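Presented below is the structure to which this report refers.
What you are looking at is a predicted structure, and each value in this text was computed from that prediction instead of being measured. For this chain, numbers begin at 1 and follow the sequence in order.
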Amino acid sequence: RSSIRRYIIPPAMRALVRGLAASFASAVTMEPLAEPISMELARQQHDAYVKLLKQLLPGGVTELPADDKHPDCCFIEDTAVVAGSTAVIARIGAASRQGEEAPVAEALAALGCTVRRLQPPATLDGGDVLQLPGSTHILVGLSRRTNAEGVAQLAAALPDHSVHGVPVAAGLHLKSLVTALDASTLLLADTPAGRSLSQALAVLPGLAGRQLHHEFVPDPVCANVLLLGDGHVVTQGSDPATEQLLDRLCAERGLQLHRLPRATEMIKADGALTCCSILLPGP
Ligand code: CIR
């Protein structure tokens with residue numbers, strides 16, 4: 001029997017999103033920008049994302065207002081990790097972003113989550129946390145943002161999960177290099193960093209027996225897909241080879257792929273698709 005069918009498609013979810021700050025054009029970037037961020041395009045791209053989530057998530061979308069003091073606040077994924085009914089509030093690794101967490105913690109508590117908090121010296125960005133669907137395994141990138149203490153405290157806060165630290169050689173976050181398409185398929189960026197991550201994951205103690213299938217995505221941006229549950233997957237516009245690969249992988253698995261226009265302005269700010277939402281189990 002195919003390993004794909006051994007796992008059920010995760011049930012419908014709901015999401016928490018955050019508005020785009022008027023100051024978004026001064027978001028933190030790894031490299032100086034060749035071209036400035038267009039606020040008009042950024043707004044269109046963020047609106048399209050939120051609109052699609054509203055269409056696809058019967059559990060609903062809760063929208064938190066932006067905070068213009070935090071240009072990166074739309075990247076709400078980094079502020080918390082929700083696993084089951086527990087929300088672990090992060091300590092974001094970029095100093096200018098610390099403080100984005102507070103309203104998110106309040107909202108998650110109001111949505112019924114049990115809230116736990118990481119303590120200094122831990123740092124951790126939610127973008128480094130990949131929960132493998134249909135399992136209790138969680139991969140956490142040891143990156144420029146997330147330290148070993150962050151991984152250890154996350155593991156202690158989620159005792160029912162197996163938390164594995166994985167080095168991130170390049171890029172911002174673990175999920176800039178890899179996401180899961182389903183319980184047995186990882187999508188990895190077809191870059192040297194993505195290839196070396198694939199090798200590290202293949203021999204990771206505790207994960208090696210899971211027989212995860214690795215697919216390499218030509219456009220590294222599209223290694224990050226948003227898995228919404230209920231068989232819905234969100235991607236963004238890319239080159240023909242990447243689009244065809246994702247179309248095929250989803251069709252083979254009975255997943256419905258939704259392609260947003262390419263989020264050029266989010267990409268300038270090093271943001272991927274997963275970063276603009278926190279997913280929670282449906283009500
Ligand atoms: C940052 O550097 O923190 C933001 N400009 C981008 C964060 C993207 N987060 C994510 O993909 N989870």
Please tell me if the side chains of [X] and [Y] come closer than 4.5 Å, counting only heavy atoms from C-beta onward.
X      : Y      : result
Leu187 : Val178 : no
Leu20  : Met266 : yes
Leu227 : Pro133 : yes
Val81  : Gln131 : yes
Arg195 : Asp190 : yes
Asp160 : Leu158 : no
Val233 : Leu181 : yes
Arg14  : Thr62  : no

Has [X] got a side-chain atom pairing as donor or acceptor with [Y]'s backbone, closer than 3.5 angstrom?
X      : Y      : answer
Arg91  : Ala122 : yes
Asp182 : Thr185 : yes
Gln256 : Gly231 : no
Asn224 : Lys175 : yes
Thr179 : Val225 : yes
Asp68  : Ala21  : no
Glu101 : Ile92  : yes
Thr29  : Ala269 : no

Do [X] and [Y] have side-chain N/O donor and acceptor atoms under 3.5 Å apart?
X      : Y      : answer
Asp125 : Thr146 : no
Ser238 : Asp219 : yes
Glu77  : Thr274 : yes
Gln45  : Thr264 : yes
His214 : Ser198 : yes

side-chain contact (heavy atoms from CB on, under 4.5 Å) between Arg116 and Ile89: does it pass, once the steps are laid out?
-> CA-CA 6 Å; Arg116 300 194 174 138; Ile89 308 306; over 6 Å; no
Between [atom1] on residue [X] and [atom2] on residue [Y], distance to nearest 0.5 Å:
X      : Y      : atom1 : atom2 : result
Cys276 : Leu53  : SG    : CG    : 9.5 Å
Arg259 : Cys222 : CZ    : SG    : 7.5 Å
Ser23  : Lys69  : OG    : NZ    : 10.0 Å
Leu132 : Leu212 : CG    : CG    : 6.0 Å
Cys73  : Arg18  : SG    : CZ    : 4.5 Å
Leu257 : Glu243 : CG    : CD    : 9.0 Å

How close do [X] and [Y] get, heavy atom to heavy atom, and via which atoms?
X      : Y      : value
Leu245 : Pro218 : CD2-CD, 4.1 Å
Ala180 : Leu130 : N-CD1, 4.0 Å
Leu177 : Ala170 : CD1-O, 3.8 Å
Leu124 : Gly150 : CD1-O, 3.6 Å
Val61  : Val17  : CG1-CG2, 3.7 Å
Ala87  : Leu108 : CB-CD1, 3.8 Å

Hey, mind stepping through His46 and Cys74 against side-chain contact (heavy atoms from CB on, under 4.5 Å) and telling me if it holds?
-> CA-CA 9 Å; His46 192 257; Cys74 63; 3.9 Å; yes
Cationic N near anionic O, under 4.0 Å, [X] to [Y]:
X      : Y      : value
Arg97  : Asp78  : yes
Glu265 : Lys268 : yes
Lys54  : Glu63  : yes

If you group Ile, Leu, Val, Met, Phe, Trp and Tyr by side-chain heavy-atom gaps below 4.5 Å, do [X] and [Y] land in one group?
X      : Y      : value
Val28  : Ile37  : no
Met13  : Val234 : yes
Ile138 : Val151 : yes
Leu41  : Phe24  : no
Val168 : Leu186 : yes

Take His137 and His161, measure what ring-ring contact (aromatic ring centres under 6.0 Å, His included) needs, and give me the verdict at the end.
-> CA-CA 6 Å; His137 290 281; His161 289 76; 9.5 Å; no
Evaluation steps, side-chain contact (heavy atoms from CB on, under 4.5 Å), between Val166 and Leu142 | CA-CA 6 Å; Val166 195; Leu142 287 156; over 6 Å; no
Are the ring centres of His232 and His258 closer than 6.0 Å?
-> yes
Give the C-alpha distance, both sets of side-chain angles, the deciding distance and a yes or no for side-chain contact (heavy atoms from CB on, under 4.5 Å) between Leu273 and Leu260.
-> CA-CA 10 Å; Leu273 274 185; Leu260 284 166; 4.1 Å; yes
Please lay out, stage by stage, how Thr123 and Arg145 fare under the test side-chain hydrogen bond (donor to acceptor under 3.5 Å, both in side chains).
-> CA-CA 7 Å; Thr123 62; Arg145 295 287 175 80; over 6 Å; no
